[in-house]
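Heads up: the structure comes next, in structure tokens.
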Amino acid sequence: MTDPHHLAADDWPALSGGTAGPAALRPLLEEVLAALSAGAQRRGGPIAAGRPAEAADRVRAALADATGPAALARLTELLAHGGADPADPACAAHLHCPPLAVAAAADLAVSALNPSQDSWDQAPAATALERELLAELAALVGFDPAGSAGVLTSGGTESNLMGLMLARDRRLGPDVELDGVPPGVRPRILASQAAHFSVQRAAALLGLGERAVRAVPVDRTLRMDPAALAEALAATAREGAVPVAVVATAGTTDTGAIDPLGPVADLASRYGAWLHVDAAYGGGALFSDRLSPLLAGVERADSVSLDWHKLGWQPAAAGVFLVRRAETYASLARRAVYLNPADDEEAGYPSLLGLSLRTTRRPDAFKLAVTLRTLGRAGLGRMVDRCHELALAAAELVRAEPALELHCDPVLTTVVFRYLPTGTAGSAVDPAAADRINAELRRELLRTGRAVVGRTELPAPAHSSNAAGLVRLKLTLLNPRTTPSDLADLLAAVVRAGRRVEQSS
Ligand SMILES: *Cc1c(COP(=O)(O)O)cnc(C)c1O
């Protein structure tokens with residue numbers, strides 16, 4: 001038979017798998033690595049200077065002239081130059097970690113082979129590996145590995161949705177699958193004011209409505225007040241509403257505060273509510289002997305969210321969802337005749353399909369398994385401790401700088417503070433002006449390419465010399481190679497940017 005395309009197999013574009021894949025990849029990887037290096041060099045800092053329109057113009061120009069085999073190097077250089085690089089000590093805004101080289105290399109192996117976790121016959125080894133890794137992570141959390149279950153997810157957003165889905169199905173029964181919330185039922189999810197916004201979004205997606213989420217007050221560090229949770233649960237009972245779930249946050253996105261997990265678990269169990277612990281950030285503390293006591297009580301959760309693309313140094317995505325009792329995982333189970341037929345399962349072919357909201361799914365467990373084997377829990381624990389120490393050092397530097405004000409002591413690896421306008425040190429400051437200057441100085445640091453600093457809004461501390469103003473700056477420290485002197489330079493740059501903004505306004 002003649003091939004209508006008149007091409008021999010070897011004339012088609014090279015593939016990454018098979019015995020020939022590595023040879024095809026090697027020269028391309030050399031190009032990628034050279035371009036990554038050239039792009040980082042040309043950037044010369046945490047982010048390229050300029051406004052968003054200039055960055056967009058550079059992208060359009062590169063897309064227009066990158067064609068054929070040159071596209072890979074040209075666009076990789078563009079990506080590296082145009083990145084916000086968390087490996088630079090001055091890039092410290094978000095829970096956006098610098099990935100470990102070994103984890104990125106492991107992820108390359110995954111990309112080359114492309115296993116998919118939705119059926120055993122697409123991923124024989126990766127299926128078994130995910131189960132082994134989940135048992136290790138269950139033990140890390142304090143669950144019985146034999147009785148628990150879990151899955152790798154795209155992150156805390158998906159894990160929180162899954163936890164609340166299982167909570168809804170357990171509390172409101174199977175009818176909810178067909179009909180939404182049964183008539184007359186008023187569901188409630190109790191989460192702190194500082195809980196991640198994905199909790200509200202999950203409530204909306206699950207048909208419970210965003211208003212089902214009741215915000216429990218927090219203290220100045222953003223830690224849930226257990227007395228306020230007790231009151232909110234009592235009010236739920238008085239109103240005849242159903243406490244579907246209590247969400248505790250172990251590491252708020254802004255301050256790293258950890259809700260009092262023991263008292264929260266007591267209250268959830270007293271009211272028969274599912275306890276979901278969102279440890280997307282704070283889960284990393286489990287690697288550290290020094291910090292893991294902060295998460296005491298997490299082993300009592302019905303479900304837990306963990307994110308190793310935050311305090312775990314993995315390339316995104318590396319989310320994990322765990323449930324303490326595998327039997328509570330029931331409502332996601334799925335039978336697809338082309339993926340996990342019952343006779344295959346009876347014949348001993350396992351399937352992860354019914355554990356995930358997704359179908360096609362990368363084996364994100366792989367890079368984490370490699371990392372844990374390479375560094376061990378202790379190696380990751382040292383990295384967590386180092387970042388915690390950097391946060392304490394940054395807090396000391398902020399305290400020693402009259403132009404800056406610390407919001408609260410660091411809990412994990414985040415420091416929240418603000419710039420105090422000079423004209424007003426010691427006297428009352430116009431809160432609107434302070435907020436404007438803090439917001440603008442952060443954009444000034446981005447525009448000049450000097451630093452990527454976080455920004456949030458929090459209530460002013462009671463002892464503040466300036467009674468009001470909400471805008472805060474934050475450093476989320478996830479780079480163990482950062483030094484205290486890098487932090488001093490970064491904070492000095494913040495103060496200089498503040499002065500410049502003040503002078504020009
Ligand atoms: C980051 C974060 C999330 C969302 O996780 P993604 O991985 O971004 O989906 C949820 N909860 C908390 C506390 C977080 O910090």
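This is a predicted model, so every value here is computed, not measured. Each ligand, and each atom within it, is numbered from 1 in the order the structure gives.
- Under 4.0 angstrom from ligand 1, there are no non-hydrogen atoms of Glu158.
- Taking the six-membered ring for Trp and thresholds of 30 and 60 degrees, Phe321 and Tyr329 have ring planes more than 60 degrees apart, a perpendicular arrangement.
- Leu392 meets the side-chain contact (heavy atoms from CB on, under 4.5 Å) test with His388, Pro410; sequence neighbours excluded.
- Residue Thr252 has no N or O atom closer than 3.5 Å to an N or O atom of ligand 1.
- Put simply, part of Gly251 is less than 4.0 Å from ligand 1, judged by heavy atoms.
- The shortest N/O to N/O separation between Ala280 and ligand 1 does not fall below 3.5 Å.
- Which parts of ligand 1 touch Leu95 is read off a 4.0 Å heavy-atom cut-off, strictly below it: atoms 15 (O).
- At the top of the distance list for atom 11 (N) of ligand 1, counting protein heavy atoms only, stands Asp278 OD2, 2.6 Å.
- Counting only N and O atoms by type, the side chains of Ser159 and Thr153 include a donor and acceptor under 3.5 Å apart.
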Please tabulate, for the side chains in residues 96-108, all donor-acceptor contacts under 3.5 angstrom to protein atoms that are two or more places apart in sequence or on a different chain.
residue	atom	partner	partner atom	Å
Asp107	OD1	Arg362	NH2	2.6
Asp107	OD2	Arg362	NH2	3.2

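- For the residues His96, His309, His196, the heavy atom positioned nearest atom 4 (C) of ligand 1 is part of His196.
- Looking only at protein heavy atoms, the nearest one to atom 7 (O) of ligand 1 is Asp307 OD2, 2.6 Å.
- Side-chain polar atoms of Asp254 and Thr252 form no donor-acceptor pair below 3.5 angstrom.
- Under a cut-off of 6.0 angstrom, the local environment of CD in Glu132 is sparse, with at most 12 non-hydrogen atoms contributed by other residues, nucleotides or ligands.
- In Thr157, the parts holding a heavy atom less than 4.0 Å from any atom of ligand 1 are both the side chain and the backbone.
- With Arg223 contributing its side chain and Ile258 its backbone, the two residues share a donor-acceptor pair below 3.5 Å.
- In terms of protein heavy atoms, atom 6 (P) of ligand 1 is closest to Gly156 N, 3.3 Å.
- Around atom CZ of Arg290, more than 12 heavy atoms belonging to other residues, nucleotides or ligands sit under 6.0 Å away.
- Of the protein's heavy atoms, Lys310 NZ, 3.2 Å lies nearest to atom 3 (C) of ligand 1.
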